[in-house]
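Within every chain, numbering begins at 1; the chains are lettered A, B, ... in the order of the sequence lines, protein sequences first and strands thereafter.
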2 protein chains.
Amino acid sequence: MTRILVVDDDPALLRALVINLRARHFDVDTAVDGATALRHAASNPPDLVVLDLGLPDMDGVEVVAGLRGWASVPIVVLSARESQWAKVDALDAGADDYVTKPFGMDELLARIRAALRRAAPEPPTPVITTSGFTVDLAAHRVTRDGAPVRLTPTEWHVLEVLVRNPGKLVTQQQLLREVWGPAYDEQTNYLRVYVAQLRRKLEPTPARPRYLVTEPGIGYRFEP
Amino acid sequence: MTRILVVDDDPALLRALVINLRARHFDVDTAVDGATALRHAASNPPDLVVLDLGLPDMDGVEVVAGLRGWASVPIVVLSARESQWAKVDALDAGADDYVTKPFGMDELLARIRAALRRAAPEPPTPVITTSGFTVDLAAHRVTRDGAPVRLTPTEWHVLEVLVRNPGKLVTQQQLLREVWGPAYDEQTNYLRVYVAQLRRKLEPTPARPRYLVTEPGIGYRFEP
DNA sequence: AGGTGGCGTCAAGGTCGCGTCAAGACGGGC
DNA sequence: GCCCGTCTTGACGCGACCTTGACGCCACCT
């Protein structure tokens, strides 16, 4: 998960930031002064730093410089000072963005997303890996022993539904409705045929399924 | 020298920007509307784009999206709109920074420096190379065995969409929507014709496609 | 022990989608 | 107004995929 270090000495603002970031599924660390911020950043390097310049112990620009001494982590600066010289100082010290208080939370979040986006060189596609094969949902690709596996559209669709619910039981009705439509609730023979074909293409020993497991009378389950 | 493309329809502001940037020894190119901006960016790729959102011909966010389609160049947006939703839209579309008018020139220059600084270490070429042919997305050129290949506009557009998603499956609907528009969702025969023509022009053995692969019933895939 | 229902396997038939070709429609340049 | 390149449209053959039915097996129930 993406780690964000929030540095702010105002308890109310700090709390608001933490709540909003956690709600967006960020892993949030906090600090209330520059010294602890630098210590936390060193011991547990974050993917991004949100830094309020008005700190009790040291000048915010020094914190930026302190971080830039060894880390290339993106830094988004918060400040009450609107003077463009303050902005120039902070940006030239190594900050990546400068947001003036009061600010809108949605704007800050968008700026954080932008800063994270350019820091991430390649957006890794969500790929499901087992010891036997890998499934790349974005690229619609299945590989086994490094070689791509040819799947028919229906085979892929069945596999996709199972893989999107790793470890969870998918009932026959769910599968049939999702792949063939609501009118095919009871055509469980379709499932038998296609699950068998998937096993033949993916399982090391199709007779003894390890990844595509049958739950008799109920449905199927993908075991990662 | 560092090239900067400045896009603004206000002659006074454009002039001020150009003068200040040239004074800092930047190589400055200009455009007064979105269409020419995209054309200039394609024919002579800049290292950074300064983009005023209030353009006469198209929405500024569309220009951002148009650039982001093939280029990872940093984009600093200028706008008179202070609403945080405008900022969120532009940033999420791919802009790197958002500066509200009126702004201080020194602040803008500092933000430009910051944007250039973090973009510096990664110069990814917009050229896709396979063992059979090369595609230059920026220059709109395809070469095979060193010789340029003649493509019609539609052929190029289809190829471009596929090449922008190397290794990934592009569904028929995606392709049709992107090239012909949302109304052509189901004209899959267009794809059959144009993919065949591309294969004839690019594949070593058109009957056995190696780079432009069909995924039966789903779409096509470019294999790098 | 016999019966039953569900699952896995296989093969065959019919349908559908893809590749191919060619002719007509369209539009821009001269 | 003409000409050429490009786009659209239709027809056709072939192969792959989906559907369907039959059969054997196993587990569980009676």
Side-chain angles (χ1 to χ4, degrees), chain A residues 140 142 148-162 169-181 183-222, chain B residues 140 142 148-162 169-181 183-222:
Chain A
H140 275 236
V142 183
V149 178
R150 260 193 75 76
L151 294 185
T152 72
T154 311
E155 286 166 5
W156 168 262
H157 207 164
V158 172
L159 179 66
E160 187 183 12
V161 175
L162 288 172
L169 173 68
V170 183
T171 67
Q172 299 172 343
Q173 283 71 24
Q174 276 177 270
L175 269 169
L176 288 164
R177 261 196 270 271
E178 173 79 22
V179 179
W180 281 272
Y184 293 77
D185 279 40
E186 302 180 341
Q187 303 285 337
T188 59
N189 45 330
Y190 287 14
L191 292 180
R192 294 209 294 276
V193 172
Y194 278 96
V195 171
Q197 285 178 357
L198 282 173
R199 291 209 258 242
R200 206 169 312 142
K201 293 184 177 178
L202 298 178
E203 291 276 0
T205 53
R208 293 276 177 79
R210 181 173 160 194
Y211 305 110
L212 304 172
V213 185
T214 304
E215 295 285 340
I218 314 178
Y220 294 87
R221 177 200 310 277
F222 167 66
Chain B
H140 280 233
V142 182
V149 178
R150 246 188 90 71
L151 294 186
T152 72
T154 310
E155 286 167 5
W156 167 261
H157 206 165
V158 172
L159 179 65
E160 187 184 14
V161 176
L162 288 170
L169 174 73
V170 183
T171 67
Q172 299 170 344
Q173 283 71 21
Q174 277 177 269
L175 269 170
L176 288 165
R177 262 196 270 271
E178 174 81 19
V179 178
W180 282 272
Y184 293 77
D185 279 39
E186 303 181 340
Q187 303 285 337
T188 59
N189 43 331
Y190 287 14
L191 293 179
R192 296 209 294 274
V193 173
Y194 278 95
V195 171
Q197 285 177 356
L198 282 173
R199 291 209 257 242
R200 228 190 322 265
K201 294 184 177 179
L202 298 178
E203 291 277 0
T205 53
R208 291 276 180 80
R210 180 173 161 195
Y211 304 110
L212 304 172
V213 184
T214 302
E215 293 286 338
I218 312 179
Y220 294 88
R221 180 200 309 276
F222 167 66

Taking the side chain as C-beta and beyond, is there a heavy-atom pair between [X] and [Y] under 4.5 Å?
X: A:Val142; Y: A:Glu155; answer: no
X: B:Val158; Y: B:Trp180; answer: yes
X: B:Leu159; Y: B:Leu202; answer: yes
X: B:His157; Y: B:Glu178; answer: yes

Provide, to the nearest angstrom, the distance between the [atom1] atom belonging to [X] and the [atom2] atom belonging to [N].
X: B:Leu198; N: D:dT6; atom1: CG; atom2: P; answer: 13 Å
X: A:Gln187; N: D:dC18; atom1: CD; atom2: C1'; answer: 12 Å
X: A:Gln197; N: D:dC18; atom1: CD; atom2: P; answer: 8 Å
X: B:Glu186; N: C:dC16; atom1: CD; atom2: C1'; answer: 15 Å
X: A:Asn189; N: D:dT19; atom1: CG; atom2: C1'; answer: 9 Å
X: A:Leu191; N: C:dT9; atom1: CG; atom2: C1'; answer: 15 Å
X: A:Glu215; N: C:dG5; atom1: CD; atom2: P; answer: 22 Å
X: A:Arg208; N: C:dG8; atom1: CZ; atom2: C1'; answer: 14 Å

Are any of [X]'s side-chain N or O atoms less than 4.0 Å away from OP1 or OP2 of [N]?
X: B:Trp180; N: D:dC7; value: no
X: B:Thr152; N: D:dC7; value: yes
X: B:Thr188; N: C:dG17; value: no
X: B:Thr154; N: D:dT6; value: no
X: A:Tyr190; N: D:dC18; value: no
X: B:Arg192; N: D:dT9; value: no
X: B:Gln172; N: C:dG17; value: no
X: A:Arg150; N: D:dC17; value: yes
X: A:Tyr220; N: C:dG8; value: yes

**5' precedence on DNA chain D between B:Val193 and B:Leu151 (nearest-nucleotide basis)** =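 Nearest-nucleotide comparison on DNA chain D picks B:Leu151.
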**Asked** What's the closest nucleotide to the A:Pro153 side chain, out of D:dC18, C:dG8, D:dT20?
**Response** D:dC18
**Asked** Do side-chain atoms of A:Arg221 reach the backbone of A:Glu215 as a donor and acceptor pair under 3.5 angstrom?
**Response**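 Judged by distance alone, no pair lies under 3.5 Å.
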**Asked** Which comes earlier along DNA chain C counting from the 5' end, the contact point of B:Pro216 or that of B:Arg200, where each point is its nearest nucleotide?
**Response**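 Per heavy-atom nearest nucleotide, the more 5' residue is B:Pro216.
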